[in-house]
Amino acid sequence: MYDEVAIVEAFVGETTHRDKEATAYAKAMERLWEEAVTGEDARRLIVRATQHR
């Protein structure tokens with residue numbers, strides 16, 4: 001996200017979105033951050049995942 005522009009990278013290139021599409025991407029990112037695990041909780045999650053291979 002750059003200001004009012006969303007740049008989406010894919011395996012075959014990238015697309016640029018503005019206006020309503022950029023807003024939709026921004027809202028999706030906000031929802032992902034709300035559910036994200038960070039800090040010490042993230043470290044514990046990563047360590048636990050590496051132990052269950």
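Treat the numbers as computed from the prediction; the structure is a model and nothing was measured.
Residue R44 places its CZ atom among more than 12 non-hydrogen atoms of other residues, nucleotides or ligands, all under 6.0 Å distant. In this structure, E9 places its CD atom where only 12 or fewer heavy-atom neighbours from other residues, nucleotides or ligands lie under 6.0 Å away. Heavy-atom contacts from other residues, nucleotides or ligands closer than 6.0 Å to CG of D3 number 12 or fewer.
Contact detail for E4 and A22: the closest heavy-atom pair is O-CB, 3.5 Å.
Clustering of Ile, Leu, Val, Met, Phe, Trp and Tyr by side-chain heavy atoms under 4.5 Å joins L32 with M29, W33.
Side-chain atoms of H17 and V8, non-hydrogen and from C-beta on, do get closer than 4.5 Å to each other. R43 is not listed as a side-chain neighbour of L45, based on a closest heavy-atom distance of 4.5 Å or more. Here the side chains of I7 and T15 are not in contact, with every heavy-atom distance at 4.5 Å or above.
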